[in-house]
Amino acid sequence: MIQTYTDILPKDFCEYLMKRFDEQDNKDSSHGMFEQIEIDWKEEVESLITTTKRVADHYRSVYDPCGMMPYKRRIEGFRIKRYTPHVHRFPLHVDASSLESCTRYLAFLYYLNDSEAGTRFYGPSGVEPLTIEAKQGNLLVFPPMWMFPHEGIMPTEKPKYIMSTYLALYRDWE
């Protein structure tokens with residue numbers, strides 16, 4: 001259920017997103033694990049929503065033969081994160097672990113540049129961890145729940161840029 005889609009974003013679009021990130025003055029680094037911005041650039045977000053929906057439909061066709069994934073869904077905001085070498089990493093966690101995040105059911109992690117520091121998943125006792133390479137333009141999709149604990153590995157050579165979003169249950173009161 002951990003799926004990598006290759007070459008989902010074109011190289012020039014990834015470069016553009018990283019450049020826009022670097023030019024932003026309002027980066028959030030309050031948590032100390034990375035710097036982050038939520039993008040609200042209309043044209044770019046519309047394109048990313050289309051791509052995310054297309055991949056989600058493919059993922060559903062492969063991993064949900066019984067039709068159990070929710071259809072009333074929303075896409076959370078797109079967030080770009082930068083991990084500085086020898087400074088930032090995202091320790092072992094899951095992305096749906098609180099009342100605020102428990103509606104998330106599918107994670108999307110877009111790699112915006114190549115990095116030696118990918119994402120590592122941990123499974124049941126006795127099973128070797130699975131490390132996914134951070135390759136520009138690739139997209140990692142996985143359920144964000146307790147069965148898929150993972151960490152963002154600390155880069156040592158150059159900054160690592162990722163962009164993330166989630167499919168979440170749609171609640172009528174939002």
Side-chain angles (χ1 to χ4, degrees), residues 1-11 13-15 17-18 21-22 27-39 48 51-52 54-56 58-64 69 75-169:
M1 298 188 80
I2 299 169
Q3 177 71 49
T4 301
Y5 292 86
T6 58
D7 299 321
I8 291 296
L9 295 180
K11 178 180 179 173
F13 188 56
C14 292
E15 300 288 337
L17 291 173
M18 290 186 295
F21 177 92
D22 290 338
K27 296 177 190 79
D28 175 15
S29 58
S30 59
H31 34 68
M33 296 179 285
F34 46 76
E35 295 175 284
Q36 171 178 270
I37 62 169
E38 186 158 347
I39 66 171
L48 291 166
T51 299
T52 302
R54 180 174 46 85
V55 171
H58 178 267
Y59 186 93
R60 179 188 305 275
S61 73
V62 172
Y63 293 106
D64 186 27
M69 283 176 66
I75 297 176
E76 286 191 10
F78 290 87
R79 296 171 194 90
I80 298 176
K81 298 174 178 70
R82 178 176 62 195
Y83 296 80
T84 304
H86 303 288
V87 174
H88 296 131
R89 64 185 281 274
F90 203 150
L92 189 63
H93 68 284
V94 296
D95 299 310
S97 62
S98 67
L99 187 57
E100 293 78 28
S101 64
C102 71
T103 61
R104 295 174 172 170
Y105 66 89
L106 203 55
F108 293 78
L109 199 152
Y110 291 88
Y111 294 108
L112 300 181
N113 68 327
D114 291 345
S115 174
E116 83 286 0
T119 305
R120 183 171 297 128
F121 288 87
Y122 293 88
S125 179
V127 175
E128 288 294 316
L130 170 66
T131 301
I132 306 297
E133 180 182 9
K135 185 109 173 93
Q136 186 175 53
N138 286 1
L139 169 60
L140 177 61
V141 181
F142 58 94
M145 280 102 37
W146 61 272
M147 303 80 68
F148 297 92
H150 56 283
E151 65 180 333
I153 301 168
M154 180 185 294
T156 58
E157 297 174 11
K158 62 182 181 179
K160 174 175 72 171
Y161 291 82
I162 66 165
M163 181 174 56
S164 61
T165 191
Y166 302 89
L167 286 189
L169 297 172

Shortest non-hydrogen contact from [X] to [Y]?
X      : Y      : value
Val94  : Pro149 : CG1-CA, 3.7 Å
Ala107 : Pro144 : N-CD, 3.9 Å
Met69  : Asp64  : N-OD2, 2.8 Å

Gap between atom [atom2] of [Y] and atom [atom1] of [X] - 0.5 Å precision:
X      : Y      : atom1 : atom2 : result
Leu48  : Thr165 : CG    : OG1   : 9.0 Å
Arg89  : Ile153 : CZ    : CD1   : 9.5 Å
Asp7   : Leu9   : CG    : CG    : 9.5 Å
Tyr166 : Leu106 : OH    : CG    : 10.5 Å
Ile2   : Thr119 : CD1   : OG1   : 10.0 Å
Tyr63  : His58  : OH    : NE2   : 8.5 Å

Under 3.5 Å: donor-acceptor pair, side chain of [X], backbone of [Y]:
X      : Y      : answer
Glu76  : Ala168 : no
Arg104 : Asp95  : yes
Lys160 : Gly118 : yes
Lys81  : Ser164 : no
Thr6   : Asn138 : no
Glu38  : Arg79  : no
Tyr59  : Met1   : yes

Could you list all the salt bridge (charged side-chain N to carboxylate O under 4.0 Å, His left out) pairs where at least one residue sits in residues 120-134, not counting sequence neighbours?
Arg120-Glu151
Would you say Gln136 and Met18 make side-chain contact, with heavy atoms under 4.5 Å?
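Side-chain contact under 4.5 Å: yes.
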Is there side-chain contact between Glu157 and Ser115, with at least one heavy-atom pair below 4.5 Å?
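No - every pair of side-chain heavy atoms lies 4.5 Å or more apart.
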Please identify each residue that fulfils side chain to side chain contact (heavy atoms under 4.5 Å, CB included) with Ser29, with sequence neighbours left out.
Glu35
Under the side chain to side chain contact (heavy atoms under 4.5 Å, CB included) test against Arg82, which residue among Asn113, Ile162, Asp22 passes?
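The residue from Asn113, Ile162, Asp22 that satisfies side chain to side chain contact (heavy atoms under 4.5 Å, CB included) with Arg82 turns out to be Asp22.
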Near Lys135 NZ, under 6.0 Å, is it more than 12 heavy atoms from other residues, nucleotides or ligands?
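Atom NZ in Lys135 is not packed in, count stays at 12 or less.
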State which residues pass ring-ring contact (aromatic ring centres under 6.0 Å, His included) with [X]; sequence neighbours excluded, sorted by chain then number.
X      : answer
Tyr105 : none
Phe13  : none
Phe108 : none

Pairs in or reaching into residues 109-138: which pass ring pair (Phe, Tyr, Trp, His ring centres under 6.0 Å), with residues at least two apart or in two chains?
Phe121-Phe142, Phe121-His150
Classify the ring geometry of Tyr161 against Phe21: parallel below 30°, tilted from 30° to 60°, perpendicular beyond 60°.
perpendicular
